[in-house]
2 protein chains.
Amino acid sequence: MYSPTVARASTTSDAFNAVAEPRRREILDALAGGEQSVGELAQRLRVAQPVVSKHLRVLRDVNLVARRDQGRRRLYRLNGAALRPIHEWLRRYEESWSQAFDRMELVLQTLESREERQDG
Amino acid sequence: MYSPTVARASTTSDAFNAVAEPRRREILDALAGGEQSVGELAQRLRVAQPVVSKHLRVLRDVNLVARRDQGRRRLYRLNGAALRPIHEWLRRYEESWSQAFDRMELVLQTLESREERQDG
DNA sequence: AGAATACATGCCTATATAGGCACGTGTCAA
DNA sequence: TTGACACGTGCCTATATAGGCATGTATTCT
């Protein structure tokens, strides 16, 4: 017998599901800019704090973000490595749309953008 | 003024959601081996035909697969290009697990820590 | 100590499936 | 023409959220 019904794999089961939710991608994108508190995220994304907390909960369950306490604030930071399974899966199809990668170019661009951030 | 409730973006809205479902990834993986009919897929994945048809419907809606008729059979083929948006989004995080970047990251963190001397 | 602040959760509602089954339609074999 | 096939869908049930609200807890401020 099968499980009678399974609406969908739970979002907490893997990165694929966690990232399927647009709001969560926004959160990750925001955290890509650096560690942030729940309140900061809520303000930036213009959503209620509980909403952010819940999404962060999901992201944390799949290890996409890590938390650090700072007084009464909870600072969340990105753990991009958890996205790797998705990337690995996509690799198989990558050839469908791209000729070649210039990884160094990407690294350099990232390096530049980070320096810009530091300059403020 | 929000939609009172939105369980989740519909799976037909984008590739992210379409791919969040494990069974659908299996289907895509199977199609990576070449064009196949619904029946062949059902047999290979050991699932009922209606199940496959429905997943294919979703995949087709987001343009992840294309269909071709051959007599009474419907041959589906992969359209990997539709996965590109996901890949593009991931690109931003790719550095997180890239070996080449690890060394770069070390340098960056060192630079950052020089000015971030405010954390406990 | 008392109040304010920053979060995490629980509860509740409406929504969006996933999969089981039955069935309608188009196509090919006899 | 009749029957077997190969599919696509509709209907039904149970499940898994997303977001709104209110509340409990821990930490910091006055």
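Just the heavy atoms: all of them, side chains too, but no hydrogens, waters or symmetry mates, feed the values below.
- Take B:Arg77 and apply the side-chain hydrogen bond (donor to acceptor under 3.5 Å, both in side chains) test, not counting sequence neighbours, and it matches no residue.
- One can place CZ of A:Arg68 at 17 Å from P of C:dA6, the figure rounded to the nearest angstrom.
- Regarding contacts with the backbone of D:dT17, every side-chain N or O of A:His55 stays at 4.0 angstrom or more from both OP1 and OP2.
- One interatomic measurement links the two molecules: CG of B:Leu59 to C1' of D:dG8, which rounds to 15 Å at whole-angstrom precision.
- A straight line from CG of A:Leu75 to P of D:dA26 spans 19 Å, rounded to a whole angstrom.
- At whole-Å resolution of the value, CZ in A:Arg24 and P in D:dT17 are 8 Å apart.
- A search for side-chain hydrogen bond (donor to acceptor under 3.5 Å, both in side chains) contacts involving B:Glu35 returns B:Arg68, not counting sequence neighbours.
- In this entry the distance linking CZ of B:Arg46 with P of C:dG19 reads 16 Å, nearest Å.
- Remark: B:Glu40 pairs with B:Gln36, B:Ser37, B:Arg73 by the side chain to side chain contact (heavy atoms under 4.5 Å, CB included) rule, at least two apart or across chains.
- Remark: B:Arg72 is not in phosphate contact with C:dA29, judged by side-chain N or O atoms under 4.0 Å from OP1 or OP2.
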Short N/O separations, protein against nucleotides 8-12 of chain C, under 3.5 angstrom:
{"unit_1": "C:dA8", "atom_1": "OP1", "unit_2": "A:Arg67", "atom_2": "NH1", "d": "3.1"}
{"unit_1": "C:dA8", "atom_1": "OP1", "unit_2": "A:Tyr76", "atom_2": "OH", "d": "2.5"}
{"unit_1": "C:dA8", "atom_1": "OP2", "unit_2": "A:Ser53", "atom_2": "OG", "d": "2.5"}
{"unit_1": "C:dA8", "atom_1": "N7", "unit_2": "A:Gln49", "atom_2": "NE2", "d": "2.8"}
{"unit_1": "C:dG10", "atom_1": "O6", "unit_2": "A:Lys54", "atom_2": "NZ", "d": "3.0"}

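- As a whole-Å value, the separation of A:Asn17 CG from C:dA16 C1' is 13 Å.
- Side-chain polar atoms of B:Asn79 and A:Tyr93 form no donor-acceptor pair below 3.5 angstrom.
- Note: CD (B:Gln70) to P (C:dG26) measures 19 Å, nearest angstrom.
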Under 3.5 Å, which donor-acceptor pairs link side chains of residues 52-64 of chain B to any protein atom two or more places apart or in another chain?
{"unit_1": "B:Ser53", "atom_1": "OG", "unit_2": "B:Gln49", "atom_2": "O", "d": "3.4"}
{"unit_1": "B:Ser53", "atom_1": "OG", "unit_2": "B:Gln49", "atom_2": "NE2", "d": "2.9"}
{"unit_1": "B:His55", "atom_1": "ND1", "unit_2": "B:Arg24", "atom_2": "NH1", "d": "3.1"}

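- Contacts of A:Arg25 classified as side chain to side chain contact (heavy atoms under 4.5 Å, CB included), with partners at least two apart in sequence or in another chain: A:Val19, A:Pro22, B:Asp14, B:Phe16, B:Trp89.
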